[in-house]
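Data block below; observations after.
Counting starts at 1 for both ligands and their atoms, in listed order.
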Amino acid sequence: AQQIPEKTVDSVCPYCGVGCQLSYQVKDNTIISVEGRDGPANHQRLCVKGRYGFDYAQHPQRLRTPLIRRADAPKRSDMQMDPERIMDIFREATWDEALALAAGKLKSLRDTHGKASLAGFGSAKGSNEEAYLFQKLVRIGFGTNNVDHCTRLCHASSVAALLEGIGSGAVSNPVMDVDKAEVIIVIGANPTVNHPVGATWIKNAVKNGAKLIVCDPRRSDMARMAHRFLQFHPDTDVAMLNAMMHVIIEEDLLDHEFIKARTTGFEAIKENVKTYTPEAMAPICGIPAETLREVARLYATSKGSMILWGMGVSQHIHGTDNVRCLIALALMTGQIGKPGAGLHPLRGQNNVQGASDAGLIPMMFPDYQRVVTPGVTAKFELAWKLAPGTLDTKPGLTVVEVMHAIQHGDIRGMYIMGENPAMSDPDVNHARDSLSKLEHLVVQDIFFTETAYYADVILPASAFPEKTGSFTNTDRTVQLGRQAIDPPGDAKQDLWIIQQMGHGLGLDWNYQHVSEVFEEMRHTMPSIAGISWKRLENEGAVTYPCLHEEDMGQAVVFTENFPTADGRAKFVAADLIHAAEKPDSEYPMVLITGRQLEHWHTGSMTRRASVLDAIEPDPIASIHADDLAKLGGKPGDLITLESRRGQVSLYARVDNSSPRGAVFVPFCYYEAAINRLTNAALDPFGKIPEFKYCAIKIHLG
Ligand code: SF4
């Protein structure tokens with residue numbers, strides 16, 4: 001019989017960065033269904049994750065009580081997670097005992113080995129307030145800037161290039177602006193899978209006459225609707241994009257007025273792309289010269305051209321260079337600072353934009369205020385009522401750097417909230433080995449994740465519908481997620497746990513409500529100064545920059561100036577460099593990792609959502625039919641993928657959207673953790689690892 005809900009609670013989807021608004025229908029403290037609401041990013045639409053991915057919150061594997069590692073339990077890095085064996089390794093504890101041990105041991109490591117011996121990973125799965133309080137705890141309670149989160153693994157290179165070039169790491173225009181664009185370039189992104197509702201707006205725009213250019217080494221679903229599909233060779237983005245710039249300059253398709261009035265550094269880029277002729281680049285990137293010319297003309301001459309990109313662009317050692325090229329394209333043609341144009345790095349997680357804004361990054365305080373900029377630490381010392389000189393002025397370590405620092409004995413203790421580096425880090429065998437070497441690891445999560453296996457103390461936390469908080473989507477829109485159900489057992493809300501950890505580290509915090517944290521945030525973050533908690537409650541969604549309470553918020557930015565020291569954007573030239581590890585005779589194929597529609601990131605939530613797990617239950621590798629035939633295999637066969645760092649076995653799925661010689665694998669399957677194979681080589685600017693390219697070999701079985 002159909003269940004009648006007792007209440008309906010308005011909230012936001014917990015998954016991707018589109019930030020769809022939804023309502024939870026609740027009965028007996030259980031979500032029974034989900035409906036889309038009329039939010040600015042979704043207008044009632046939801047994808048399969050948003051509509052069906054909610055019963056993970058009631059999964060029997062939810063952590064319900066604090067756990068402490070038994071003294072004799074192994075911390076072996078080669079063990080797979082086994083939820084059935086949790087109680088062989090851990091024992092239940094009271095909150096008092098668990099918190100005393102969790103914070104007490106971190107405090108003693110800090111006092112014995114120094115502040116830099118500690119690090120914290122927060123999470124884009126959490127709210128803005130959780131991110132803000134977590135980074136504040138690390139900066140004050142630990143006394144270091146060693147705080148980071150998964151932005152380092154997705155768009156850190158985009159943010160590095162955007163901050164350098166145009167002074168802001170966020171998008172210039174919302175996704176919905178595609179309906180005003182004449183030309184839409186989607187590069188290194190698969191929105192149908194990773195931003196499904198956003199993809200529907202792009203597809204609507206195409207139906208209404210916009211020309212879609214899809215650039216990707218893999219033929220994505222969106223390519224079916226494209227005016228031109230540029231299936232360029234993996235690792236050659238800069239060659240392709242510099243060739244387009246060459247055409248725009250050679251054929252004088254430039255916006256001279258924009259370049260003169262609003263930019264610096266054009267001459268250097270003009271010089272740089274001289275040798276990148278389409279004819280010279282065609283054999284490198286695999287796109288015919290005439291197609292490069294045609295696309296460059298289309299992009300430059302339309303009334304509004306918008307570029308949206310994903311991690312196919314950012315997750316390379318040349319990720320920052322790739323984005324520098326996209327920025328330069330927009331600047332030289334004046335395709336930014338107006339509706340229906342601009343630059344949009346599609347954010348992966350529901351709150352990766354907000355967590356970054358809130359300062360969950362090692363080189364910046366909230367609102368991208370750099371720790372090294374004179375006066376910034378003093379400003380936060382004043383705001384946080386600290387003695388002058390308290391805050392660390394040295395940028396902290398990033399995600400992958402922390403794992404190396406553990407191996408060197410520099411980092412000894414960690415607090416990880418909601419992240420799962422034992423699945424999400426590159427070269428995850430190395431990352432797991434690092435986690436096993438920590439003297440003290442505190443993990444705060446809702447499930448016994450692969451990372452929790454290495455913990456000394458596990459703190460059971462709240463799932464998305466069990467708490468109230470604000471979340472910022474890919475469009476810079478801050479939205480309110482509201483508590484619909486209570487956490488199970490003795491699990492607690494994350495904000496409460498962070499505050500208790502703070503008390504254990506000597507901080508006298510007394511936040512009574514999430515709104516108090518948000519109000520403190522907006523007084524230290526000029527971009528959201530005009531967004532009061534009351535406004536969020538009344539309006540549900542407000543876009544920043546929002547400078548005062550009468551400000552409606554700015555969906556399209558850079559209309560007059562760029563937020564740089566001189567108000568101008570800067571061209572930065574990029575040359576072609578190649579992946580850190582190229583195929584060779586021993587490892588002849590390329591591995592590309594990513595996500596799939598039904599599962600989200602490391603799979604800790606969606607693989608415990610019954611409908612989503614039923615649709616995609618097993619680990620699969622997408623491989624071209626010719627490559628599988630060469631192996632002598634057929635669809636569904638077990639194949640083993642091996643790199644210099646590790647191997648996994650999983651099922652072959654014929655998928656001719658993958659180019660010959662390349663295999664695509666999602667990173668959500670713990671039983672075939674593909675990051676055992678990936679390369680931890682870093683982009684020198686964004687410090688993002690090269691998830692999108694490493695050399696592998698394959699065999700049957
Ligand atoms: Fe959730 Fe993203 Fe799907 Fe919207 S598009 S329902 S935000 S996963």
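Considering only non-hydrogen protein atoms, atom 5 (S) of ligand 1 sits nearest to Val197 N, 3.4 Å. In terms of protein heavy-atom proximity, atom 2 (Fe) of ligand 1 is closest to Cys16 SG, 2.3 Å. The protein heavy-atom contact nearest to atom 1 (Fe) of ligand 1 is Cys13 SG, 2.3 Å. For atom 4 (Fe) of ligand 1, the closest heavy atom belonging to the protein is Cys20 SG, 2.3 Å.
Ligand-side atoms of ligand 1 in range of Gly19: 7 (S), range being under 4.0 angstrom from any heavy atom. In the vicinity of Leu46, heavy-atom distances shorter than 4.0 Å reach the ligand 1 atoms 6 (S). The atoms of ligand 1 that sit less than 4.0 Å from any heavy atom of Gly50 are 6 (S). Contact atoms of ligand 1 toward Tyr15: 8 (S) (distance under 4.0 Å to a heavy atom of the residue). Remark: ligand 1 atoms within the under-4.0 Å shell around heavy atoms of Pro196 are 5 (S).
Judged purely by atom type and a 3.5 angstrom limit, His513 uses its side chain to pair as donor or acceptor with the backbone of Ser515. Between the side chain of Arg51 and the backbone N or O of Glu35 there is no donor-acceptor pair closer than 3.5 Å.
Note on Cys47: not counted as a metal contact of atom 1 (Fe) of ligand 1, no N/O/S atom lying under 2.8 Å.
Residues Phe471 and Phe464 bring their aromatic ring centres within 6.0 Å.
Side-chain polar atoms of Asp216 and Gln231 form no donor-acceptor pair below 3.5 angstrom.
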Would you check, one step at a time, whether the test salt bridge (Lys or Arg N to Asp or Glu O under 4.0 Å) holds for Glu130 with Lys125? CA-CA 10 Å; Glu130 289 161 4; Lys125 294 192 192 92; over 6 Å; no
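Proximity of Asn42 to ligand 1 is not established, as no heavy-atom distance is less than 4.0 Å.
Partner of Asp38 under the side chain to side chain donor-acceptor pair (under 3.5 Å) criterion, out of His43, Gln21, Arg45: His43 alone.
Remark: Arg595 fails to qualify as a cation-pi partner of Phe667 under the 6.0 Å distance and 45° angle criteria applied to the six-membered ring. A cation-pi contact, defined as under 6.0 Å to the ring centre and within 45° of the axis, links Arg218 to Phe664.
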